[in-house]
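The chain is numbered in sequence order, starting from 1.
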Amino acid sequence: MSRIYIYSTLSNDQRYQLKNGRSVLIAGKANVANKQLVTLKGMATSISEDEFNLLQENIVFKAHSKNGFVSASHDKQDAETFAARNLEPMDKSAQDTPETAKKRNAGGAKVKDAEA
């Protein structure tokens, strides 16, 4: 049985309930700095075909897919490259960057860029 790769730009891990009583955990943490202060733009999770078939019936997964935050592929690819080409760049819970802070609050406090 082959594996299906679920690619995600969600900022949080997402546990989807399946009709058979089990659940599938799809890795999130895209656009969130990790302990090494690295901010990945996409994440990938490998699941079975059976899990994927059940996952397609989950209403929350369908909404995330329709809105462009998750997508599936039979091919294992670099998650960040796949996300950049095929998914929305981030959800509303992604950490602010200087650019997003300026857009969100154009007339507000000044955002000073960190010096290298």
Side-chain angles (χ1 to χ4, degrees):
M1 184 175 293
S2 66
R3 304 296 286 172
I4 306 285
Y5 298 92
I6 306 295
Y7 296 92
S8 168
T9 55
L10 294 170
S11 296
N12 294 304
D13 294 341
Q14 183 69 43
R15 184 172 298 280
Y16 297 102
Q17 291 300 122
L18 304 177
K19 286 190 174 187
N20 66 1
R22 296 179 36 217
S23 64
V24 172
L25 179 68
I26 301 300
K29 306 288 189 288
N31 302 299
V32 177
N34 63 17
K35 291 179 184 178
Q36 292 78 29
L37 299 178
V38 176
T39 306
L40 300 173
K41 299 297 180 191
M43 301 298 287
T45 305
S46 173
I47 63 174
S48 71
E49 283 189 49
D50 291 338
E51 290 172 319
F52 180 67
N53 291 334
L54 291 168
L55 188 58
Q56 291 183 77
E57 298 174 21
N58 181 288
I59 191 168
V60 178
F61 181 80
K62 285 196 266 187
H64 286 160
S65 181
K66 179 182 175 192
N67 291 324
F69 297 118
V70 295
S71 185
S73 175
H74 282 283
D75 302 323
K76 184 175 184 180
Q77 302 174 35
D78 177 66
E80 292 190 86
T81 304
F82 184 93
R85 284 191 313 234
N86 302 303
L87 298 173
E88 288 295 316
M90 64 183 67
D91 62 8
K92 290 182 181 180
S93 61
Q95 291 177 329
D96 265 345
T97 63
E99 294 80 27
T100 58
K102 287 176 187 175
K103 286 180 189 176
R104 187 173 39 80
N105 193 10
K110 302 292 181 208
V111 177
K112 183 176 180 183
D113 292 328
E115 296 179 20

Leu40 and Lys29, any side-chain heavy atoms less than 4.5 Å apart
no
Looking at side-chain heavy atoms only, is the closest gap between Ser48 and Arg3 below 4.5 Å?
yes
Of the non-hydrogen atoms in Phe61 and Gln56, which two are nearest, and what is the gap between them?
CD2-CA, 4.3 Å
How close do Met43 and Ala30 get, counting heavy atoms only, and between which atoms?
CG-N, 4.0 Å
In this structure, would Ile26 and Val60 fall into the same cluster of hydrophobic residues linked by side-chain contacts under 4.5 Å?
yes
Would a distance-only check, ignoring hydrogens and angles, find a side-chain to backbone donor-acceptor pair under 3.5 Å from Asn20 to Arg22?
yes
Taking the side chain as every heavy atom from C-beta outward, state whether Ser2 and His74 have any atom pair closer than 4.5 Å.
yes
Using only atom types and a distance under 3.5 Å, with no angle test, would you say the side chain of Asn31 pairs donor to acceptor with the backbone of Ser11?
no
Shortest non-hydrogen contact from Gly42 toward Ala79:
O-CB, 3.6 Å
Using 0.5 Å steps for rounding, measure from the CG atom of Asn58 to the OG atom of Ser65.
11.0 Å
Are Leu54 and Ile4 in one and the same hydrophobic cluster, where Ile, Leu, Val, Met, Phe, Trp and Tyr link if side-chain heavy atoms are under 4.5 Å apart?
yes
Are the side chains of Asp75 and Phe82 in touch, meaning some heavy atoms are under 4.5 Å apart?
no
Could you measure the distance from the CG atom of Asn34 to the CD atom of Gln36? Nearest 0.5 Å is fine.
4.5 Å
Name the orientation class of the two ring planes belonging to His64 and Phe69 (parallel below 30°, tilted from 30 to 60°, perpendicular beyond 60°).
perpendicular
A side-chain contact here means heavy atoms from C-beta on lying under 4.5 Å apart; do Val24 and Arg15 qualify?
no
Distance col, row Glu51:CD vs Leu18:CG, nearest 0.5 angstrom, shows 7.0 Å
State, with a plain yes or no, whether a side-chain heavy atom of Thr9 is found less than 4.5 Å away from one of Lys41.
no
Give me the atom names and distance for the closest heavy-atom approach of Lys62 to Glu57.
CE-O, 4.0 Å
Do Ile59 and Ile47 sit in the same hydrophobic cluster, where Ile, Leu, Val, Met, Phe, Trp and Tyr count as joined when their side-chain heavy atoms come under 4.5 Å apart?
yes
Donor-acceptor pair, distance only, cut-off 3.5 Å: does the side chain of Tyr7 make one with the backbone of Leu87?
no
Side-chain donor/acceptor of Asp13 to backbone N/O of Gly28, under 3.5 Å
yes
